[in-house]
Amino acid sequence: ARGSIFQTAADTEAIVHLIAMSSAPKLRERVVAALGEVEGAYSLLFLDTGSLIAVRDPHGFRPLCLGRLDTRAKGGARRRPAYVVASEPVAFDLIGAEPLRDIEPGEMVVIDDDGLTSSRPFPPAPLRTGLSGPSGPNAWTSRRPPLRPLRRKCGSYRFPLFSPEEIEFPQRQSERR
């Protein structure tokens, strides 16, 4: 059993410890191993000497966007495209970058000397439809059977709780006297 001594209360530090404890040879493999043990919402960037890794959580709760800087350098010379990553596409306007696309839920984008590669090591989480929750049926499906007699009697689940005549609105200061 290996332990870790944490220096902060940030949850990101736990991910860094998981990456450090991984026996995988490359950073991208370490990131996949570490994030395979993590649940929750995140959009993360990892940077080492040769690559930038951008990862979005499988649920897609946190935004992460991919953009590209203009390939024309000052003086009109051409250069390699420079990819940029931000949490919102509006950030690209500030640096003159072109938004390309959202990084998809569960996607990992690696930007290195070979260019840009994309993979899906974390399959997107299934969408919740509201028909069920983590601990069984939701409130609506559990309340529907007792409401059936009311529906037969009233013809609907929706009925007014009070009539408009019963609502008293406060008067304006100028109307009070």
Handout entry: Spatial distance of atom CG (Asp112) from atom OG1 (Thr117) [nearest 0.5 Å]
Key = 6.0 Å

Handout entry: Arg30 bridged to Asp48 by N-O distance under 4.0 Å
Key = no

Handout entry: Minimum-distance pair of heavy atoms, taken over all atoms of Ala97 and Pro99
Key = O-CD, 3.7 Å

Exercise for the section: Kindly work out whether a path of hydrophobic side-chain contacts (I/L/V/M/F/W/Y, heavy atoms less than 4.5 Å apart) joins Val109 to Ile53. Expected result: no

Exercise for the section: Of all the heavy-atom pairs spanning Pro58 and Phe122, show the shortest one and how long it is. Expected result: CG-CB, 3.8 Å

Problem - Leu47 with Leu45, same ILVMFWY side-chain cluster at under 4.5 Å - result: yes

Exercise for the section: To the nearest 0.5 Å, tell me how far Ser43 OG sits from Ile103 CD1. Expected result: 7.5 Å

Problem - Ser118 side, atom OG; Met108 side, atom CE - distance, nearest 0.5 Å - result: 8.5 Å

Practice task
Would you tell me whether Ser22 and Glu29 have side-chain atoms, one donor and one acceptor, within less than 3.5 Å of each other?
Solution key: no

Handout entry: Minimum heavy-atom distance between Phe61 and Ala41, given as atom pair plus value
Key = CB-CB, 3.6 Å

Exercise for the section: Write down the atom of Asp102, the atom of Cys65, and the distance for their closest heavy-atom approach. Expected result: OD1-SG, 3.3 Å

Exercise for the section: Look only at the side chain of Arg68 and the backbone of Tyr83, and say whether a donor-acceptor pair between them is shorter than 3.5 Å. Expected result: no

Handout entry: Interatomic distance, Glu104 atom CD to Arg120 atom CZ [nearest 0.5 angstrom]
Key = 5.0 Å

Completion exercise
One should read off an interatomic distance between Lys26 NZ and Ser51 OG, to the nearest 0.5 angstrom, of 9.5 Å

Fill in the blank from the handout: CD1 of Ile111 to CG of Leu52, rounded to nearest 0.5 Å, is 5.0 Å

Handout entry: Minimum heavy-atom distance between Pro105 and Arg56, given as atom pair plus value
Key = CD-NH1, 4.0 Å

Problem - Positive for side-chain contact (heavy atoms from CB on, under 4.5 Å) with Val84, one of Ile95, Leu100, Leu66 - result: Ile95

Handout entry: Nearest heavy-atom neighbours spanning Arg62 and Tyr42
Key = CG-N, 3.7 Å

Problem - Hydrophobic cluster identity match, Phe46 and Leu18, side-chain contacts under 4.5 Å - result: yes

Completion exercise
The single option from Asp57, Ile15, Val38, Leu64 that satisfies side-chain contact (heavy atoms from CB on, under 4.5 Å) with Leu44 is Ile15

Problem - Shared hydrophobic cluster, Val110 / Val55 (ILVMFWY, side-chain heavy atoms < 4.5 Å) - result: yes

